[in-house]
Structures are given as C-alpha cells and as structure tokens.
Trainee: 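Here it is: the structure, laid out below.
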Amino acid sequence: MIPFLDLKNINAQYRNELIEACTRVVDSGWYIGGSELESFEQNFAEYCGTKYAIGVANGLDALILTLRAWKELGKLQEGDEVIVPSNTYIASILAITANNLTPILVEPDVNSFNIDPERIKQAITNKTKVILPVHLYGQLANMPEIMAIAKKNNLLVLEDSAQSHGASIDGKKAGNWGDASGFSFYPGKNLGALGDAGAVTTNDPELAEMLKALRNYGSHEKYKNLAPGVNSRLDEIQAAMLNVKLLYMDQEVEHRRKIAQLYLQGIKNPLIHLPLQNVDAEKYDQHVWHLFVVRSEKRDKLQKYLADHGVQTLIHYPIPPHKQQAYQEWNHLNYPISEQLHSQVLSLPMGPTLLFNDVKSIILLCNQFVDK
C-alpha cells in the first residue's frame, strides 16, 4: 500500500532533534508560556514576514480568537457579515458562527479551488465587515485582488492559512497579506506539530496584545483580565517540536513541488482533471502543495480502482458546509460550483517522504484507469 501521508516516516527524519528538544523542555521545568514558545513565535513571524505570531492551541482557535479580538476592540459586532468560501473545510465557518457573526458563502473559481474575487464583490453589503479567504490545498487565493476589494470597501481580511504555510505571491507569504491570519499546525500540515497547535500572524500590535490576553483567560497581566478569554495556549513541548520542523519545511515543500510536477506532466487521462488548469502560472508559482487534488466525474470509481491497486487516497472534502447537518438551515441552498467540486475532488498521495518511484506507479495507474 502506498499511504496517502506517512507521518511516522516524516517525523522519523528528525527523531533525534525532536527527542533532544523534548528533553530540553522536560528538564527545564517550565511547560507553559516559556522560552520555547517565545522562540517559535519569533521564528514563525520572521518566516512569514510579519511583526507578530501568537501561538494558540489549534487552528480553529486561531480564527475564533482573531474574530473575537476584533469584537473586543470594537471593530466587529454581533450580526456583522463575514464573506467566506462555500467550499472550505467547516472550521472556517465554525469560527464565524462561534462569534455570532453571519457567514456569507461565496463560490470558488473552479480551476483554482479558491474563492472568486468577482463573486466577493457581488456579495458585499452594508453589513459586510470581513473577508475570510481560505488558501485551499496550499495555494494562495488571489490576494492582490482581494486586498484591493477590502481596501476599497474598508473591510478587514482574515486569511485562513491552515493549508498554506510558506505559500506566496510575488514573494509575499501566506499570513502577511491580510490584517491577520490563522494557521493550523495539525500533524498532517506542511508544518505539523506532534499534536494540536496553531498560531495567528499579524502586523497589528493592538490585535497581538488582545490575542495574547484572550488565549490566557483574557489576562494580559497575572490576575488582571482585559476581556472574557479562554484557555488556548501553545504549550512548550509543541513549540519545541515546531521549532525543529520549521528548519526543514522549505526543503520538504521543494520535494512536494517535484512530486506535483511529476503528476502534472505525467497524468494524461482525460477522465482526470488536473489542478492549475487555465490558471496564470506566474501568479500562482508559489503553490506549496499541501494536497494534490484532482477532479473526476468518475471520482468514486477512480478512488476504488486506486485502492484496489494499493494506493490510498482521501477526499477533501466530500460534503460542502451548506449540506452539513450542523447547518441545517442552509441545506436548501444551492451552490452548484461547490457541489460539483465536492462530488469530484480526490487527493492523491503527497508528502515529503513519498518516493518518486511510487509517484510514477500512481501516474501509471491513473493513466490506465478506464470507466467500465
């Protein structure tokens, strides 16, 4: 079996360094809010090109707490509208409704999978206050255009960068385009911890201070509370793990890009639609390939065929948010592009330890697939 992603193998590369980092934390006697967190926040902010990175417990909290911070700072109020892609993972939308804000679902561009700026323009009302673009699968949304729309309409921009660590346009990385950005370091991400972890990046000192308080019960100073906060802290062990893995992320991304090129050049089956078709290659030349997602009208048959031949694939994602039971009030809505994508997308194996010979075997199988 060729696994979709071999996390054990990925982390085995850095086993000695990870154990050394873990030992350092254990021996320090300091496990929350110490030097490892401070170091990672500085390193990750520097990597993204931002002034601040604020570690939190996970990627969902990164989004929830940023929107909550804007509420506490008077920039948002309950009922305000947040524009978000209709084909995203549900976490992007959960963050909005958790703050009693109103999600406005906007269809993606079918070729890039990312939110369509023209449809953003059409969705703006006098209640719109935030655009929440999701950089899906490792490719930035069209941030130059989105930022121009936001500036023209005086809107905040919160990037969901959970899948796009290191992705960029014109040298400007994910996390440094909007007013803030939420990152996930779930183990399967391009920069993955050995457990749950997340961060917010921003260049806004007022937002950074509020986030530091909100993640720690709302406390900016011991036993003094600025606002009703939560317990959402990136602990020392995970910060130490991330400090090790950040050193190697760019080289891992280069391996992902080589795999993507093999897939793009090698798969020739008309039943399988490849990503980046009809997309300006120069504009999107910084894809970090968190996932390699193809489309097929025969998706279920293709997935079974590959599984029968020893290749594990996954679907990101089988059910669009507006068809989930969690949002039953949306079940009657019609988002045809999203519904088409969710019925067709299939993620092929992708990862920094995936062997090129295995990739060639997958390509051969894809090209031999027929609709029987």
Side-chain angles (χ1 to χ4, degrees), residues 21-22 24-78 80 82 91 94-101 129-130 132 156-162 175-176 178-185 191 193 195-243 246:
C22 188
R24 186 170 65 244
V25 174
V26 172
D27 291 346
S28 74
W30 195 289
Y31 309 121
I32 297 287
S35 59
E36 295 291 345
L37 174 63
E38 184 179 352
S39 173
F40 175 69
E41 288 178 331
Q42 182 177 338
N43 291 338
F44 192 64
E46 185 177 322
Y47 178 83
C48 294
T50 58
K51 292 180 181 177
Y52 309 100
I54 301 93
V56 294
N58 53 68
L60 175 57
D61 280 3
L63 298 175
I64 289 175
L65 292 179
T66 301
L67 293 171
R68 186 169 299 173
W70 281 335
K71 288 174 70 178
E72 292 293 340
L73 293 168
K75 296 185 178 183
L76 295 177
Q77 59 185 7
E78 293 190 4
D80 283 344
V82 180
L94 290 173
I96 299 169
T97 57
N99 280 287
N100 295 318
L101 301 167
K129 294 296 184 289
V130 183
L132 201 164
L156 294 164
V157 176
L158 172 56
E159 300 171 69
D160 184 337
S161 301
N176 194 24
D179 298 279
S181 177
F183 285 88
S184 167
F185 306 120
L191 179 59
D196 272 324
V200 178
T201 57
T202 184
N203 292 306
D204 181 348
E206 188 180 35
L207 176 62
E209 286 307 305
M210 181 57 74
L211 284 165
K212 287 177 183 178
L214 287 177
R215 72 178 176 183
N216 187 41
Y217 303 101
S219 177
H220 64 302
E221 186 180 330
K222 196 161 187 177
Y223 302 128
K224 294 183 180 179
N225 300 78
L226 282 175
V230 297
N231 178 358
S232 179
R233 298 177 297 208
L234 174 56
D235 65 61
E236 288 288 279
I237 287 282
Q238 295 306 333
M241 302 296 100
L242 289 166
N243 269 323
L246 181 58

Trainee: So, taking the atom named CD1 in I54 and the one named CG in L65, what distance separates them when rounded to the nearest 0.5 Å?
Mentor: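 The CD1 atom of I54 sits 10.5 Å away from the CG atom of L65.
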
Trainee: Do the non-hydrogen side-chain atoms of Y31 and D235 ever get within less than 4.5 Å of each other?
Mentor: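 When only atoms from C-beta onward are counted, D235 and Y31 do not touch, as no gap falls below 4.5 Å.
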
Trainee: Out of curiosity, E46 CD to L246 CG, how far, rounded to the nearest 0.5 Å?
Mentor: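 Spacing of CD (E46) from CG (L246) equals 9.5 Å.
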
Trainee: Taking all non-hydrogen atoms of both residues, which atom of A57 and which atom of S232 are closest, and how far apart?
Mentor: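 Looking at all heavy atoms of both residues, the shortest contact is N-OG, 3.1 Å.
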
Trainee: Can you find a pair of side-chain heavy atoms, one from Y52 and one from P205, that are under 4.5 Å apart?
Mentor: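 SC-SC contact between Y52 and P205 confirmed.
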
Trainee: Applying the side-chain contact (heavy atoms from CB on, under 4.5 Å) criterion to I96, which one of L101, V130, L158 satisfies it?
Mentor: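 Result: among L101, V130, L158, L101 is the only option passing the side-chain contact (heavy atoms from CB on, under 4.5 Å) with I96.
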
Trainee: Heavy atoms only: give me the nearest N176-G49 pair and the separation to one decimal.
Mentor: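 What the structure gives for the nearest pair is ND2-O, 3.2 Å.
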
Trainee: Using every non-hydrogen atom in the two residues, find where L242 and A193 come nearest and quote the distance to one decimal.
Mentor: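 Looks like CD2-N, 3.7 Å.
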
Trainee: Determine, stepwise, if the pair N216 / R233 fulfils side-chain contact (heavy atoms from CB on, under 4.5 Å).
Mentor: CA-CA 7 Å; N216 187 41; R233 298 177 297 208; 2.8 Å; yes

Trainee: Distance from N203 atom CG to T50 atom OG1, nearest 0.5 Å?
Mentor: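 Those atoms lie 5.5 Å apart.
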
Trainee: Taking all non-hydrogen atoms of both residues, which atom of L60 and which atom of A91 are closest, and how far apart?
Mentor: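 Scanning both residues completely, I find the closest heavy atoms to be CD1-O, 3.4 Å.
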
Trainee: Under a 4.5 Å cut-off applied to non-hydrogen side-chain atoms, are F183 and V200 in contact?
Mentor: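 Side-chain contact under 4.5 Å: no.
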
Trainee: Answer yes if the ring centres of F40 and F185 are under 6.0 angstrom apart, and no otherwise.
Mentor: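 Yes, the ring centres sit under 6.0 Å apart.
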
Trainee: Does N225 use its side chain to pair, donor to acceptor, with the backbone of A227 at less than 3.5 Å?
Mentor: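 No, because the side chain of N225 does not come within donor-acceptor range (under 3.5 Å) of the backbone of A227.
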
Trainee: Atom NZ of K129 and atom CG of L76: how far apart are they, to the nearest 0.5 Å?
Mentor: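 Between K129 NZ and L76 CG, I get 8.5 Å after rounding to 0.5 Å.
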
Trainee: Which value, rounded to the nearest 0.5 Å, describes the distance between M241 atom CE and C22 atom SG?
Mentor: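 Atom-to-atom, M241:CE and C22:SG are 5.0 Å apart.
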
Trainee: If you look at every heavy atom in L67 and A95, which pair is closest and at what distance?
Mentor: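 Closest pair (atom of L67, atom of A95, distance): CD1-O, 3.6 Å.
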
Trainee: Just wondering, do D160 and L63 contact through their side chains at under 4.5 Å, heavy atoms?
Mentor: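 Heavy-atom side-chain distance check passes, below 4.5 Å.
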
Trainee: Do you know the tightest heavy-atom contact between L234 and A197?
Mentor: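 Scanning both residues, the minimum pair turns out to be CD1-CB, 3.4 Å.
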
Trainee: Identify the residue among Q238, E236, E41 that makes a side-chain contact (heavy atoms from CB on, under 4.5 Å) with E36.
Mentor: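 Exactly one pass, corresponding to E236.
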
Trainee: Is any side-chain heavy atom of W70 closer than 4.5 Å to a side-chain heavy atom of D179?
Mentor: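 Yes, close enough: below the 4.5 Å cut-off.
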
Trainee: I'd like to know if D204 pairs up with K75 as an ion pair, taking the criterion as any Lys NZ or Arg NE/NH1/NH2 lying under 4.0 Å from an Asp or Glu carboxylate oxygen.
Mentor: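 Looking at K75 together with D204, the answer is yes, because their closest N to O distance falls below 4.0 Å.
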
Trainee: K51 versus T202: any side-chain heavy-atom pair under 4.5 Å?
Mentor: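 No - every pair of side-chain heavy atoms lies 4.5 Å or more apart.
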
Trainee: Report the C-alpha separation of K212 and E38 in whole Å, then their side-chain angles, then the decisive distance to 0.1 Å, and conclude whether the salt bridge (Lys or Arg N to Asp or Glu O under 4.0 Å) test is met.
Mentor: CA-CA 12 Å; K212 287 177 183 178; E38 184 179 352; over 6 Å; no

Trainee: Would you say that L191 contacts Y47 through its side chain, given a criterion of any heavy-atom pair below 4.5 Å between the two side chains?
Mentor: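 Counting from C-beta outward, L191 and Y47 never come under 4.5 Å.
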
Trainee: Is there a donor-acceptor contact under 3.5 Å from the side chain of D61 to the main chain of N58?
Mentor: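 Pair absent, no side-chain N/O of D61 close to backbone of N58.
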
Trainee: Looking at T66 and A62, would you say the former's side chain and the latter's main chain have a donor-acceptor pair under 3.5 Å?
Mentor: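 Side chain of T66 to backbone of A62: a pair is present.
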
Trainee: Stepwise, does the side-chain contact (heavy atoms from CB on, under 4.5 Å) test hold for E78 with K71?
Mentor: CA-CA 8 Å; E78 293 190 4; K71 288 174 70 178; 3.4 Å; yes

Trainee: When rounded to the nearest 0.5 angstrom, what distance separates CG in L73 from CG in L211?
Mentor: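 Answer rounded to 0.5 Å: 8.5 Å.
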
Trainee: Apply side-chain contact (heavy atoms from CB on, under 4.5 Å) to Y217 and N231, showing your working.
Mentor: CA-CA 6 Å; Y217 303 101; N231 178 358; 3.1 Å; yes

Trainee: Any side-chain heavy atom of E72 within less than 4.5 Å of one from P228?
Mentor: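 Of all side-chain heavy-atom pairs linking P228 with E72, at least one is under 4.5 Å.
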
